[in-house]
Amino acid sequence: MCGTYAFRKAPREVRALLREHWRPIDIPDDAWRPSYKIKPTQTAPVLVGHSTPAIAKQRWGLLPHWMQERGKAQINAKAETVAEKPMFRDAMRKSRCIVLADGFYEPTGQTQPRPWYFFQDEGESLMGFAGIYTFSELNTVDSASFAILTTRPSKDVALVHDRMPVILPMDDWETWLNQDLSPPALEQFYQPEVSPRLESWPVPDDAKKASEPDGPNCIEVFNRTGI
DNA sequence: CCAGACGTTGTT
DNA sequence: GTCTGG
DNA sequence: CCAGACGTTGTT
DNA sequence: GTCTGG
């Protein structure tokens, strides 16, 4: 994935959705600000916790506690190898999270600049990416950082790009967060064939370039103008 | 042993 | 922290 | 594919 | 002759 996703739902709305479709989570109204473009190094809300899930704010770009160079933080981890890689395996075993989103961007083609497409769930429901996280001394305030797992593209995405985030249907969130399960038990989630149907449309050029990520140019993306 | 890597995706 | 390559 | 190894020990 | 690493 191209390193940008969207989470434009407000805490109040998410609280209601979770209560209705998953389980009730305590979320303050000011837990986060909706954003049309969440990019690496930014802080974003994720679901963590086994018996009592909760919202945590974490930095996008995972850094193990033993790695000192912030520049080596990783925003993605390949699902095919995440359980073995030294950088990821501890987090994969014991620190999984669900990255809340409602869509993601993917670049396409070879010609520069590469156009983007936006993908979202057909049902417009809450999207959950499979994530892992670590704590690091380099992160003082929000001490945890996370990475999003990637996998082969589903049919919908394959036309545009060769990788996509691992998307977990809400029914699987509990399983993903269950620390008692080991990585082999989770491989079922990496199959793009079980990914939800996604709809997509081109991102207007000025929305892609918008420096103010929550300004009117980005909002166009969600109104599907500029197609 | 011990130094060096440890990762993925993109080039707005 | 742990593994690999030299 | 093809060059190069083909072996073990070691730290304080 | 056969295996491995690049």
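Letters go in sequence order (proteins before strands), and every chain restarts at 1. Reckoned from all heavy atoms, side chains included, excluding hydrogens, waters and symmetry mates.
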**Q** Applying ring-ring contact (aromatic ring centres under 6.0 Å, His included), which residue pairs with at least one partner in residues 171-197 of chain A are found, sequence neighbours left out?
**A**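 For residues 171-197 of chain A, and leaving out neighbouring residues, the ring-ring contact (aromatic ring centres under 6.0 Å, His included) pairs sorted by first residue read A:Trp22-A:Trp173.
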**Q** With respect to the phosphate group of B:dT9, does any side-chain polar atom (N or O) of A:Arg163 fall under 4.0 Å of OP1 or OP2?
**A**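 Checking A:Arg163 against B:dT9: at least one side-chain N or O falls below 4.0 Å of OP1 or OP2.
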**Q** Quick one: stems for DNA chain D, with Watson-Crick or G-U pairs under 3.5 Å, at least three in a row?
**A**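 Stems (3+ consecutive pairs) listed as D:1-6 with E:1-6.
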**Q** Find the distance A:Asp162:CG to B:dT9:P and express it as a whole number of Å.
**A**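 About 8 Å, once rounded to whole Å.
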**Q** Is any side-chain N or O of A:Thr150 closer than 4.0 Å to OP1 or OP2 of B:dT9?
**A**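 Answer is yes, contact under 4.0 Å.
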**Q** Rounding to a whole Å, what distance do you find between A:Tyr5:OH and B:dT8:C1'?
**A**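 One finds 17 Å between C1' of B:dT8 and OH of A:Tyr5, rounded.
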**Q** Write down the distance separating the P atoms in D:dT8 and E:dG5, rounded off to the nearest Å.
**A**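 The same atom, P, in both gives a distance of 15 Å.
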**Q** CD of A:Glu106 versus C1' of B:dT11: gap in Å, rounded?
**A**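 Rounded to the whole Å, the gap is 15 Å.
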**Q** Distance between the P atoms of D:dT11 and B:dC2, in whole angstroms?
**A**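 Those two atoms are separated by 9 Å.
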**Q** Just how far, in rounded Å, is P of B:dT9 from CH2 of A:Trp60?
**A**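 These atoms are roughly 11 Å apart.
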**Q** I'd like to compare against my own output: the B/S/- annotation of nucleotides 2-7 of chain B with a strict under-4.0 Å heavy-atom distance to protein.
**A** ----BB
**Q** Excluding sequence neighbours, so at least two apart, what forms ring-ring contact (aromatic ring centres under 6.0 Å, His included) with A:Tyr5?
**A**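 For A:Tyr5, the residues satisfying ring-ring contact (aromatic ring centres under 6.0 Å, His included) (neighbours in sequence not counted) are A:Trp60, A:Phe129.
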**Q** With rounding to whole Å, what would you report as the distance between D:dG4 and C:dG6 at their C1' atoms?
**A**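 Those two atoms are separated by 15 Å.
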**Q** Between A:Asp205 and A:Lys208, is there a salt bridge with N-O shorter than 4.0 Å?
**A**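 Between A:Asp205 and A:Lys208 there is no salt bridge, as every charged N stays at least 4.0 Å from the carboxylate O atoms.
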**Q** Got more than 12 heavy atoms from elsewhere within 6.0 Å of CZ, A:Arg33?
**A**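 Atom CZ in A:Arg33 is not crowded, with 12 or fewer foreign heavy atoms closer than 6.0 Å.
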**Q** Starting from P on B:dT11, measure out to CD on A:Gln110 and report it in whole angstrom.
**A**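 It works out to 11 Å between those atoms.
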**Q** Does B:dT9 have its OP1 or OP2 closer than 4.0 Å to a side-chain nitrogen or oxygen of A:His161?
**A**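 False: A:His161 side-chain N/O out of range (4.0 Å or more) of B:dT9 OP1/OP2.
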**Q** What residues form a ring-ring contact (aromatic ring centres under 6.0 Å, His included) with A:Tyr36, not counting sequence neighbours?
**A**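 Listed in chain order: A:Phe222.
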**Q** Take the protein atom NZ of A:Lys39 and the nucleotide atom C1' of B:dT11, then report the distance between them rounded to whole Å.
**A**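 For the pair A:Lys39 NZ and B:dT11 C1', the rounded distance is 14 Å.
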**Q** What is the distance, rounded to the nearest whole Å, between atom CG of A:Leu62 and atom P of B:dT9?
**A**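 These atoms are roughly 14 Å apart.
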**Q** For the pair A:Arg152 and A:Glu193, evaluate salt bridge (charged side-chain N to carboxylate O under 4.0 Å, His left out) and give the outcome as yes or no after the intermediate values.
**A** CA-CA 9 Å; A:Arg152 296 162 20 241; A:Glu193 292 74 20; 3.2 Å; yes
**Q** Measure the distance from NZ on A:Lys208 to P on B:dT12 and round it to the nearest whole Å.
**A**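 Those two atoms, NZ and P, are 7 Å apart.
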**Q** In whole angstrom, give me the gap between the P atoms of D:dT9 and E:dT2.
**A**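 Pairwise P distance, D:dT9 against E:dT2, rounds to 27 Å.
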**Q** Determine: side-chain N/O of A:Arg114 to OP1/OP2 of B:dT11, distance under 4.0 Å, yes or no.
**A**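 True: A:Arg114 side-chain N/O within range (under 4.0 Å) of B:dT11 OP1/OP2.
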**Q** Please check if atom CD in A:Gln110 has more than 12 non-hydrogen atoms from other residues, nucleotides or ligands closer than 6.0 Å.
**A**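 No, because the 6.0 Å sphere around CD of A:Gln110 holds 12 heavy atoms or fewer from other groups.
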**Q** Sticking with atom P, work out how far D:dA3 lies from B:dG10, rounded to a whole angstrom.
**A**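 37 Å, rounded to whole Å.
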**Q** Tell me, with the steps shown, if A:Gln58 and A:Val48 meet side-chain contact (heavy atoms from CB on, under 4.5 Å).
**A** CA-CA 10 Å; A:Gln58 300 183 346; A:Val48 293; 3.8 Å; yes
**Q** Taking side chain to side chain contact (heavy atoms under 4.5 Å, CB included) as the definition, give me every residue that meets it alongside A:Pro64, ordered by chain and number, with sequence neighbours left out.
**A**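 Listed in chain order: A:Leu62, A:Trp66, A:Met67, A:Met87.
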**Q** Between A:Glu84 and A:Lys78, does at least one N-O distance fall below 4.0 Å, as a salt bridge requires?
**A**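 No, no charged N to carboxylate O under 4.0 Å.
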